[in-house]
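Have a look at the structure below, then the notes.
Keep in mind it's a predicted model, so treat the numbers as computed, not measured.
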Amino acid sequence: MNQALSFLLQHGYWVVFAFVLAEQIGLPVPAAPVLLAMGALAGAGKLSFLTGVAIAVVASLLSDSVWYWLGKRRGYSVLNLLCRIALEPDSCVRRTEEVFDRFGARALLFAKFVPGLSTVAPPMAGLFGMPVLIFALADAAGSALWVTAFAGAGWIFRRELVEVAEFALSMGSWLSVVLAGLLALYVVFKIGERQRFLRKLRIARISPEELMQKLQAGEEVMIVDLRHPRDVESHGAKLPGALHMGPTELDARHQEIPRDRDIVLYCS
């Protein structure tokens, strides 16, 4: 925190702009400590709180606009790229779709507070065809809430932040070792969890070629297409004879699935 405060005092609002822009564009750069430091400096009268918040909101809106445009132009290919980078890619797109289906533009108001949703939400808004003006207003409001929350916390707890910084400095290099170790353990756990999921999935997986052979051989196979309707529209390809429903509809519509034949679930 002391280093962040010193850096902010030297370079001012450009640091806030650069860190927020980088984090929201998807780079592994934490903007929260900088926003906390900015709030602490504003509370000490070293920076203008409103100016800092405005600059951070502009930076966030700029990066989110890039992702919005890419989502509008490139569709699910952009989302799939982002979700491959995530530690939980198997449910990344589906989870974001469900959030937007439920909340619409309001999802942008809290997206930045939800890990994994912050970067994916703007391209999803573009893919869903959200009007530019509505996106800009909702995203600006969400960015303002996010920036104000962290900067306000820095303002309120500026004395405690100094104490935390002094404690961190007293630990020296051991603090970096502990933090790096905890992060490594978390990453290893999530990767291991995903590998276990994929191993279970491979047991019952069937390739498109194998499915085609079954259909050509006249075997009775029921295909249940679990893709999101917008995914189907985006790709423009529908499976002939497939029953289309969302994963959340399985409980309510399970009686539509026959039990006297093999069932193949298809999802993106």
Side-chain angles (χ1 to χ4, degrees), residues 1 4-5 7-8 11-44 46-71 78-79 82-83 85-88 92 95-100 102-128 130-158 160-161 164 183:
M1 182 58 65
L5 291 171
F7 198 61
L8 270 175
H11 299 282
Y13 303 112
W14 283 108
V15 177
V16 176
F17 181 87
F19 270 71
V20 172
L21 183 72
E23 184 189 82
Q24 295 306 306
I25 208 71
L27 298 178
V29 177
V34 174
L35 295 175
L36 286 169
M38 182 198 77
L41 288 174
K46 304 293 185 180
L47 292 174
S48 168
F49 185 84
L50 292 179
T51 302
V53 168
I55 288 174
V57 169
V58 169
S60 178
L61 188 57
L62 282 175
S63 58
D64 289 350
S65 297
V66 172
W67 285 119
Y68 170 83
W69 180 82
L70 288 173
V78 174
L79 290 174
L82 288 173
C83 289
I85 300 172
L87 289 177
E88 297 180 350
C92 176
R95 187 168 57 244
T96 310
E97 287 172 337
E98 291 173 352
V99 169
F100 267 82
R102 182 177 179 183
F103 296 102
R106 291 175 296 166
L108 294 171
L109 296 177
F110 59 83
K112 298 194 181 303
F113 295 96
V114 182
L117 185 59
S118 178
T119 305
V120 182
M124 181 64 77
L127 189 150
F128 269 44
M130 186 180 297
V132 175
L133 181 59
I134 293 178
F135 166 78
L137 292 175
D139 191 68
S143 298
L145 288 173
W146 171 66
V147 172
T148 303
F150 279 98
W155 176 297
I156 296 171
F157 299 106
R158 55 186 179 276
E160 288 78 4
L161 288 174
V164 170
L183 178 61

Check: If you look at every heavy atom in Leu61 and Ala136, which pair is closest and at what distance?
Finding: CD1-O, 4.0 Å
Next item on the list: Anything under 30° is parallel, anything over 60° is perpendicular, the rest tilted; go ahead and classify Phe135 against Tyr68.
Entry: parallel
Next item on the list: Look at the rings of Phe113 and Phe150 and say which category their plane angle falls in: under 30° parallel, 30 to 60° tilted, over 60° perpendicular.
Entry: parallel
Margin query: Within the 4.5 Å heavy-atom criterion, are Leu47 and Val16 side-chain neighbours or not?
Written below: no
Notebook entry, point to check: What's the spacing between Lys112 NZ and Asp64 CG if we round to 0.5 Å?
Noted result: 3.5 Å
Next item on the list: Hey, could you give me the CD/OG distance between Gln24 and Ser65, rounded to the nearest 0.5 Å?
Entry: 11.5 Å
Next item on the list: First locate atom CG of Leu62, then atom CH2 of Trp67, and finally report the distance between them rounded to the nearest 0.5 Å.
Entry: 14.5 Å
Next item on the list: Measure from the side-chain N and O atoms of Ser63 to the backbone N and O of Ser60, and report whether any donor-acceptor pair falls under 3.5 Å.
Entry: yes
Checklist line | Step-by-step side-chain contact (heavy atoms from CB on, under 4.5 Å) determination, Val53 to Met38 | finding: CA-CA 9 Å; Val53 168; Met38 182 198 77; 4.2 Å; yes
Note to self: So which atom in Leu108 and which in Ala138 form the shortest heavy-atom distance, rounded to 0.1 Å?
What the structure shows: CD1-CB, 3.8 Å
Notebook entry, point to check: When rounded to the nearest 0.5 angstrom, what is the spacing between CG in Leu41 and CG in Leu36?
Noted result: 11.0 Å
Checklist line | Donor-acceptor under 3.5 Å (Glu23 side chain, Ala31 main chain) | finding: yes
Next item on the list: With rounding to the nearest 0.5 Å, note down the distance linking CG in Asp139 to CE in Met130.
Entry: 9.5 Å
Check: Of the non-hydrogen atoms in Gly43 and Trp155, which two are nearest, and what is the gap between them?
Finding: N-CE3, 3.5 Å
Notebook entry, point to check: Atom OH in Tyr13, atom CD1 in Ile55: separation rounded to 0.5 Å?
Noted result: 6.5 Å
Check: What's the shortest heavy-atom distance between Leu35 and Ala56, and which atoms?
Finding: CD2-CB, 4.1 Å
Check: Within a strict 4.5 Å, meaning less than it, do heavy atoms of the Phe103 and Phe110 side chains meet?
Finding: yes
Checklist line | Atom of Ile134, atom of Ala105 and distance for their closest heavy-atom approach | finding: CG2-CB, 3.8 Å
